[in-house]
Amino acid sequence: MIVSRSMNRLIEDQEGWTRKMFEAAIQMRKTFGPENIYDFSLGNPDIEPPPAVKQKLITSLGGSCPGMHRYMPNNGYEDVREDIAAYLAERTGLPFTSRHVFMSVGCAGALNILFKTMLNAGDEVILPSPFFWEFKNYVENFGGVPKFVETGEDFQLDIDAIERAITSKTKAILLNSPNNPTGAVYNEASLKQVAALLQRERKKGREIYLVADEAYRKIIYTKEPLPDLFAIYDLVIIATSHSKDLALPGERIGYLAISPHIANVDLLVSGLMIAIRALGFVNAPALFQRVVAEFQRNSVSIASYREKRDLLYGTLIEAGFDCVEPMGAFYMFPKSPLPDEVEFVFRMQEEERILVVPGRGFGRKGYFRIAYCVPLETIQKAVPGFLRAGKRYIGR
Ligand SMILES: Cc1ncc(COP(=O)(O)O)c(C=O)c1O
């Protein structure tokens, strides 16, 4: 067989409902025209990067700086890392320097080089669930074992469940807040409880790292900014990117921010340098390192995402869906009115031309995910369909 047994297993896992769903969606687009399909299935922002980012791209290309297309240190340009470190120092009050910043190929690349560097075969990574499915791959890529821990009905962390999941093999907890797929933002009190739990574990001789995926940090609807994990715990490494906050997912630019409290940062960085080469990334894209350096304090319009969230959430509640109000990112995760959410998702396709994703694709059956990073008009046009589905399946 041309593919390995393990890849074949992954391919088989993806078949079944995902394949059927995507085939049905392609067919529907052909039959009804793409403008009559309300596609909420992908987390691919429909908006353009801020004009200043595009302008910076143009000037970066125009100003011919010799060597700008060459290899550079594997962790990225020194001056870019200095700029990002200055932003992190300003945001956290901690002494970040360029060695605490490691430029990466998106947030996905950041997590992969990190887990390649950190994990021994059999090491466990605790993943609060529902979760972004790729996390499972990122951990398993390097012989790690994902340990899924359910969050509560409100999608907040269940500290007791996390405590029960800790074993002598636990290396890290991977937190993703604001969360894909739920839109949950973990509250500061629960993060402090996790930190206290990890401190207790440290006294027993277990050193457990908090790894956070903060790709959606700036897309947040709470009054307060996202809690600062660097202030809450010392062994923190944050992976992020500009895929969502500057709407640059195709450009593959992100970074790791390593807490200045971590003593052996040089050893970690040495490992990351090898990991980024071993995995074949070599370094983050040169041009886009230059582009994003000065936009650390910027983002796309959060007001427009809020408007979309409000319209969609209001519609779901009016229709009778059971849904936790999302406080960040651009996803919501309502309960399916039918026990089998795959069947409900198919019915929404067939009856309303609305495409959403079954919750089992994020580790929780009985729910479905709506990605509302679509034009406002798409949501407006889909409103009657959600309301009719409410009448049909919930009885409003
Ligand atoms: C939680 C989460 N992490 C990481 C990624 C991937 O980010 P990037 O495109 O920066 O690699 C995504 C993309 O949807 C995501 O939702």
Side-chain angles (χ1 to χ4, degrees), residues 13 107-108 111-112 114-115 118-216 226-227 229 232-233 235-239 324 326-329 331-335 341 357-369:
D13 282 354
C107 191
L111 288 170
N112 273 279
L114 183 65
F115 287 144
M118 290 182 79
L119 296 181
N120 292 302
D123 278 354
E124 293 170 355
V125 177
I126 293 178
L127 293 176
S129 176
F131 61 98
F132 176 52
W133 192 259
E134 301 298 342
F135 288 164
K136 182 174 175 300
N137 288 329
Y138 301 165
V139 172
E140 288 177 347
N141 280 344
F142 309 106
V145 179
K147 293 274 293 263
F148 303 108
V149 174
E150 289 302 318
T151 51
E153 282 279 294
D154 55 359
F155 304 128
Q156 288 292 323
L157 297 171
D158 179 340
I159 311 299
D160 293 337
I162 292 176
E163 182 161 17
R164 285 195 299 275
I166 290 176
T167 72
S168 58
K169 295 206 163 145
T170 306
K171 184 75 184 249
I173 301 181
L174 174 54
L175 299 180
N176 168 219
S177 171
N179 184 268
N180 177 9
T182 64
V185 170
Y186 298 145
N187 62 55
E188 186 153 9
S190 69
L191 294 170
K192 284 185 170 157
Q193 284 175 290
V194 173
L197 169 62
L198 298 189
Q199 298 290 10
R200 289 199 297 278
E201 292 297 322
R202 176 112 40 111
K203 290 205 181 102
K204 294 185 214 159
R206 285 180 196 152
E207 199 156 78
I208 300 176
Y209 290 81
L210 260 191
V211 176
D213 174 329
E214 293 194 350
Y216 300 94
L226 198 71
L229 278 178
I232 292 175
Y233 187 59
L235 303 180
V236 171
I237 302 160
I238 291 182
V324 177
M327 298 313 275
Y331 306 101
M332 43 190 99
F333 203 62
K335 256 191 191 144
E341 90 280 9
V357 184
R360 66 192 62 191
F362 306 93
R364 194 174 291 188
K365 291 180 178 171
Y367 289 75
F368 63 100
R369 188 193 76 168

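Atoms considered below: every heavy atom in the structure, side chains included; atoms not considered: hydrogens, waters and symmetry mates.
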Mark yes or no for whether [X], through its side chain, and [Y], through its backbone, hold a donor-acceptor pair below 3.5 Å.
| X | Y | result |
| --- | --- | --- |
| N176 | D213 | yes |
| S129 | V149 | no |
| E341 | R360 | yes |

Aromatic ring proximity Y367/F333, centre distance under 6.0 Å: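 They qualify: ring centres under 6.0 Å apart.
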Sequence-distant partners of R369, side chain to side chain donor-acceptor pair (under 3.5 Å), two or more places apart: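 Expected list: N180.
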Just wondering, do [Y] and [X] contact through their side chains at under 4.5 Å, heavy atoms?
| X | Y | value |
| --- | --- | --- |
| M327 | P178 | no |
| E188 | I232 | yes |
| L235 | I208 | no |
| M118 | D123 | no |
| L175 | L191 | yes |
| Y233 | V194 | no |
| L174 | Y138 | no |
| V324 | T182 | no |

If I compare all heavy atoms of [X] with all of [Y], which pair ends up nearest, and what's the gap?
| X | Y | answer |
| --- | --- | --- |
| I159 | S190 | CD1-O, 3.5 Å |
| K169 | G122 | CD-O, 3.4 Å |
| P146 | F148 | CB-CZ, 3.7 Å |
| S177 | Y186 | OG-N, 2.9 Å |
| A329 | N179 | CB-O, 3.9 Å |
| E150 | A161 | O-CB, 4.5 Å |

Interatomic distance, [X] atom [atom1] to [Y] atom [atom2] [nearest 0.5 angstrom]:
| X | Y | atom1 | atom2 | value |
| --- | --- | --- | --- | --- |
| K147 | T170 | NZ | OG1 | 6.0 Å |
| N141 | L119 | CG | CG | 10.0 Å |
| R164 | D158 | CZ | CG | 6.0 Å |
| L210 | I238 | CG | CD1 | 9.0 Å |
| I237 | L229 | CD1 | CG | 12.0 Å |
| D160 | L197 | CG | CG | 9.0 Å |

Qualifying residues under salt bridge (Lys or Arg N to Asp or Glu O under 4.0 Å), relative to E201, sequence neighbours excluded: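 Salt bridge (Lys or Arg N to Asp or Glu O under 4.0 Å) check on E201 returns K204, R206.
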Geometric class of the F135/F132 ring pair [parallel <30°, tilted 30-60°, perpendicular >60°]: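 It falls in the perpendicular class, over 60°.
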Aromatic ring pairing Y216/Y331, orientation class (parallel under 30°, perpendicular over 60°, tilted between):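 Correct class here is perpendicular.
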E153/K335 under side chain to side chain contact (heavy atoms under 4.5 Å, CB included): CA gap, chis, key distance, verdict: CA-CA 10 Å; E153 282 279 294; K335 256 191 191 144; 3.4 Å; yes
Evaluation steps, side chain to side chain contact (heavy atoms under 4.5 Å, CB included), between F142 and N112: CA-CA 8 Å; F142 309 106; N112 273 279; 3.4 Å; yes
